[in-house]
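Just so you know, these numbers come straight off a predicted model, no measurement behind them. Hydrogens, waters and symmetry mates are skipped; everything else that's a heavy atom, side chains included, is used.
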Amino acid sequence: MEAVMSTEGLIEVVLPGTVEPEGLQIRRGGTVPTPGRGQVVVRMEATGVSFAEQQMRRGRYYDQPPFPFVPGYDLVGTVAEAGEGVEAGLVGRRVAALVKVGGWASHVVVDAADVVEVPAGIGAAEAETVVVNGITAWQMLHRKARVRAGQTIVVLGAGGGVGWVLVQLARAAGVQVIGTASTHHHDALREQGVTPVDYRTGDVAARIRALAPGGVDAVFDHVGGSGIVGSWRLLAPGGTLVSYGSAATRDDQGSKQTPVLKLLGRVWLWNALPNRRRAYFYNIWAGRALAKNAFRARLRADLTKVFDALMSGDITPRVAAELPLDRAAEALRLAESGTVTGKVVLTP
């Protein structure tokens with residue numbers, strides 16, 4: 001079968017345990033993997049540093065595999081080889097894939113049914129900024145909160161990876177956005193039509209209530225912890241809270257499942273009460289185990305819409321920095337610093 005293979009060996013970044021970024025290991029010279037039936041080998045062109053890797057290196061991501069493993073939540077690259085049962089024409093095409101782990105490598109084996117073609121005209125790094133971030137933002141906005149033009153929402157961390165995509169998709173849908181962010185993001189947010197609120201000073205909830213005295217139609221909260229109660233109280237009758245992370249507990253010790261279980265417990269309780277509001281804990285992988293084909297169809301449809309938004313200019317990609325794979329430690333440290341705008345991207 002025709003294939004486009006690299007003459008170089010496999011390069012991987014290995015997370016050996018709970019280490020500082022400098023503890024990441026670079027493994028070189030391995031054998032480039034061979035695809036099995038229904039699989040493809042993707043030659044990585046761009047992968048990224050997401051919040052998941054920041055949690056994983058601390059052993060805090062709730063369903064991460066045992067150490068050691070290769071992190072990397074998503075990637076963009078060219079199909080280098082196709083296994084048996086895969087359309088031969090897929091070889092040579094640029095695709096994106098959501099993998100949870102394994103993306104920080106020069107070559108990655110992926111089920112062919114899990115790749116989504118990247119439209120011509122979108123660069124690898126640009127596409128990478130909206131794979132996990134774009135799917136997350138689109139599904140929370142349109143599948144969970146089901147926002148409508150004229151509504152008002154609050155986005156916590158509006159200057160972050162998911163937050164930046166979320167506010168742009170919301171504005172494209174005619175939604176008013178209040179976004180919390182540090183002050184160095186405020187000008188960029190105002191340019192998007194967002195009302196920024198500095199989360200580092202004063203009573204943030206009180207300032208949001210002053211902007212929306214009757215409450216808001218949706219709150220998107222990646223912080224979790226005890227602050228989730230404040231997000232719930234911002235909702236107007238009929239409003240929706242979407243919790244999608246636990247950044248507040250990133251550096252905590254103890255069980256990595258506990259913060260998620262607490263969030264799930266609160267969500268269950270709030271939904272059980274007759275309060276005319278709804279709460280969700282968003283998990284990008286929900287439904288995959290029980291209905292894989294439906295999950296794949298939904299993901300493909302949503303990422304295609306995100307790419308369309310990128311092509312039309314509704315989303316502006318933000319690449320904070322591009323670093324080669326063997327500088328993954330520096331990339332992770334940079335992403336964790338809180339000083340950059342956009343996504344830190346790793347390239348071959």
Side-chain angles (χ1 to χ4, degrees), residues 46 48-51 54 74 76 121-138 140-142 145 147 149 151-202 204-205 207-208 210-212 216-223 231 234 242 244-245 247 305-323 331-346:
V49 183
S50 63
F51 187 71
Q54 299 175 36
D74 59 1
V76 172
I122 301 179
E126 295 173 321
E128 165 57 28
T129 66
V130 298
V131 182
V132 63
N133 290 347
I135 295 166
T136 299
W138 182 276
M140 291 195 303
L141 197 67
H142 293 295
V147 299
Q151 292 187 325
T152 299
I153 67 171
V154 171
V155 177
L156 303 189
V162 173
W164 178 251
V165 181
L166 187 55
V167 298
Q168 291 183 96
L169 289 174
R171 295 295 296 141
V175 174
Q176 300 300 310
V177 181
I178 301 167
T180 70
S182 54
T183 53
H184 72 272
H185 291 299
H186 285 196
D187 287 344
L189 289 169
R190 288 190 187 97
E191 289 174 5
Q192 297 295 326
V194 176
T195 302
V197 173
D198 183 2
Y199 71 87
R200 294 179 176 176
T201 58
V204 175
R207 279 180 288 156
I208 293 173
L211 293 167
V216 297
D217 298 291
V219 178
F220 299 89
D221 186 317
H222 72 299
V223 180
S231 293
L234 292 172
V242 184
Y244 67 103
K305 289 172 182 173
V306 170
F307 284 149
D308 288 345
L310 194 59
M311 292 286 285
S312 70
D314 285 342
I315 301 174
T316 304
R318 300 175 97 187
V319 179
E322 285 188 48
L323 295 167
L332 184 53
R333 181 69 73 187
L334 183 62
E336 292 189 10
S337 70
T339 62
V340 296
T341 299
K343 189 161 188 177
V344 178
V345 174
L346 292 166

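Side-chain contact between I178 and V197 is present, with at least one heavy-atom pair separated by less than 4.5 Å. Annotation: side chain of L310 is in contact with side chain of P317 (closest heavy-atom distance under 4.5 Å). Counting only heavy atoms from C-beta outward, the side chains of V155 and V194 never approach each other to under 4.5 Å. Contact check for D314 versus Q168: no side-chain heavy atoms found under the 4.5 Å cut-off. Within the 4.5 Å cutoff, the side chain of M140 has heavy atoms near those of the V162 side chain. Contact annotation: the side chain of L334 never approaches that of V49 to less than 4.5 Å [non-hydrogen atoms, C-beta and beyond]. Under the 4.5 Å side-chain criterion, counting only non-hydrogen atoms from C-beta, W164 is not in contact with H185.
In plain terms, the two heavy atoms of E322 and A125 that are nearest each other are OE2-CB, 3.7 Å. Minimum interatomic distance between V130 and F307 (heavy atoms only, all atoms of both residues): CG2-CE2, 3.9 Å. Here the shortest heavy-atom pairing between W138 and V306 reads CB-CG2, 3.9 Å. For the residue pair A145 and A218, the shortest heavy atom distance occurs at CB-CB, 4.1 Å. Summarising the geometry of A173 relative to H142, their closest heavy-atom pair is CB-CE1, 4.3 Å, with the distance given to 0.1 Å. When every heavy atom of H186 is checked against every heavy atom of D198, the shortest pair comes out as CE1-N, 3.5 Å.
Interatomic distance, T195 OG1 to L211 CG, rounded to the nearest 0.5 Å: 6.5 Å. We find the CZ-CG distance between F220 and L141 to be 5.0 Å, quoted to the nearest 0.5 Å. Rounding to the nearest 0.5 angstrom, the gap separating the CG atom in D221 from the OH atom in Y244 is 8.0 Å. The distance from the OG1 atom of T183 to the CG atom of L189 is 11.0 Å, given to the nearest 0.5 Å. Rounding to the nearest 0.5 Å places OG of S312 at 13.5 Å from NZ of K305. To the nearest 0.5 Å, the span separating CG on L323 from CZ on R333 amounts to 14.0 Å.
None of V219, V216, L234, V175 except one satisfies the side chain to side chain contact (heavy atoms under 4.5 Å, CB included) rule with I153; the exception is V175.
Within the 3.5 Å criterion, the main-chain N or O of G48 finds a donor-acceptor partner in the side chain of E128. With T136 contributing its side chain and N133 its backbone, the two residues share no donor-acceptor pair below 3.5 Å.
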What verdict does the side chain to side chain contact (heavy atoms under 4.5 Å, CB included) test give for L156 and H222, after you've listed the backbone C-alpha separation in whole Å, the side-chain angles of each residue and the deciding distance to 0.1 Å? CA-CA 7 Å; L156 303 189; H222 72 299; 4.0 Å; yes
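The existence of a salt bridge linking D187 and R190 is confirmed by a sub-4.0 Å separation between a basic side-chain nitrogen and an acidic carboxylate oxygen.
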